[in-house]
Amino acid sequence: MKPTLGASTLLDRLSHKRCDPDFLASLQLAAEARFVVLIGLKPVIVSNEARNEAAIRWFTPADLRRLELSDQDVLFLGVDRQSGAGHFALSLTEHRASLVRGATEHLRPLVDLRTIATQGIMSESEVALIGKAKSLAAWHDTARCCGHCGGVTTVKDGGWKRKCWACGHQFFPRIDPVVIMLVSDGERCVLAHEPHFPEGMFSTIAGFIEPGEDVDHAVRREAFEELGVDVGEVRYLTTQPWPFPHSLMIGCVAFTQSGPLKTDPAEIAEARWFDRDDCRTLLAGAHPEGLWVPGRQAIAHSLIKAFVGGGALLKI
Ligand SMILES: [Zn+2]
């Protein structure tokens with residue numbers, strides 16, 4: 001049931017130790033420290049010749065020195081649960097990386113996380129770890145100045161906080177909550193094709209939660225706005241961090257009466273009711289009209305699969 005890009009269990013985050021700069025410095029300076037390098041938010045990886053298996057390319061402190069890469073402002077990801085070794089992310093712009101001597105040899109291959117997750121070529125725990133690093137790094141890229149006074153903010157707590165140098169205001173990593181819902185009458189569900197989707201792809205509908213809303217309200221509002229349906233009961237199914245750039249997907253089933261759909265053409269190109277047999281063929285990539293649904297890296301896939309499975313949460 002849990003989608004691929006869930007919370008990584010690979011490292012212990014040690015969140016209660018992030019505010020101890022001496023502790024972080026000792027981890028960072030140790031020979032066993034490891035660094036994942038992101039360039040333009042894409043991770044440096046290692047892959048086999050066939051390019052169907054990949055893993056994070058972990059850099060040692062000696063590697064960083066050899067490449068003349070500063071380990072200032074690295075992001076603390078956590079410690080290895082067995083060895084206790086500190087693991088960090090180092091985020092570089094493409095321009096900075098291009099100035100590294102031997103970049104093409106040492107800082108390649110670079111593969112976008114969405115591609116890695118879609119292709120299923122890396123372990124789920126490493127994919128999730130890159131997602132965490134990427135989300136955090138993406139926030140830093142847009143949080144360099146204080147929204148109150150315009151002063152420069154500096155990195156604190158191993159990258160889990162920024163503080164304004166001038167007024168002292170503190171800023172924390174951004175997470176955007178999104179409701180993603182399988183609208184169902186108990187026997188069928190609604191899947192939609194949005195104008196920007198690839199041809200033939202249908203998925204569950206989704207939308208950002210607005211200030212002042214709870215999850216149920218956001219689900220009902222989105223279902224009405226996008227599909228024109230009145231939702232009754234809302235049940236929570238699962239969540240997924242979605243690092244594009246820093247969303248949290250909250251997966252729900254939204255029960256409604258069967259009936260015609262009144263879609264919002266700005267958001268939805270086409271929406272249809274699908275029964276469980278239809279959904280089985282969609283998941284198997286065998287739909288007679290060539291329609292398909294997102295792969296198992298997406299929470300939509302988990303929601304559709306749960307609907308096909310017909311568990312208690314999916315029944316009225
Ligand atoms: Zn300020």
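All heavy atoms count here, side chains included; hydrogens, waters and symmetry mates do not. Every number for a ligand or one of its atoms is a count from 1 in the order of the listing.
Connectivity analysis of hydrophobic side chains (ILVMFWY, heavy atoms under 4.5 Å, direct or indirect) links Leu29 to nothing; its cluster partners are none.
Both the sub-6.0 Å distance and the 45° axial angle are not jointly satisfied by Lys161 relative to the ring of Phe172.
Heavy-atom minimum distance, Trp273 versus Arg188: CB-NH1, 3.4 Å.
Partners of Glu187 by salt bridge (charged side-chain N to carboxylate O under 4.0 Å, His left out), not counting sequence neighbours: none found.
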Would you list the atom pairs, donor with acceptor, under 3.5 Å between side chains in residues 218-233 and any protein atom, with sequence neighbours excluded?
{"unit_1": "Arg220", "atom_1": "NE", "unit_2": "Val231", "atom_2": "O", "d": "3.3"}
{"unit_1": "Arg220", "atom_1": "NE", "unit_2": "Gly232", "atom_2": "O", "d": "3.1"}
{"unit_1": "Arg220", "atom_1": "NH2", "unit_2": "Gly232", "atom_2": "O", "d": "2.7"}
{"unit_1": "Arg221", "atom_1": "NE", "unit_2": "Glu213", "atom_2": "OE2", "d": "2.6"}
{"unit_1": "Arg221", "atom_1": "NH1", "unit_2": "Glu225", "atom_2": "OE1", "d": "3.4"}
{"unit_1": "Arg221", "atom_1": "NH2", "unit_2": "Phe208", "atom_2": "O", "d": "3.2"}
{"unit_1": "Arg221", "atom_1": "NH2", "unit_2": "Glu213", "atom_2": "OE1", "d": "2.9"}
{"unit_1": "Glu233", "atom_1": "OE1", "unit_2": "Arg235", "atom_2": "NH2", "d": "3.3"}
{"unit_1": "Glu233", "atom_1": "OE2", "unit_2": "Arg235", "atom_2": "NE", "d": "2.9"}

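Taking the charged nitrogens against the carboxylate oxygens, Asp176 and Arg174 do have a contact shorter than 4.0 Å, which makes a salt bridge.
Shown here are the protein N/O/S atoms lying under 2.8 Å from the Zn ion (ligand 1), water excluded: Cys146 SG, Cys149 SG, Cys164 SG, Cys167 SG.
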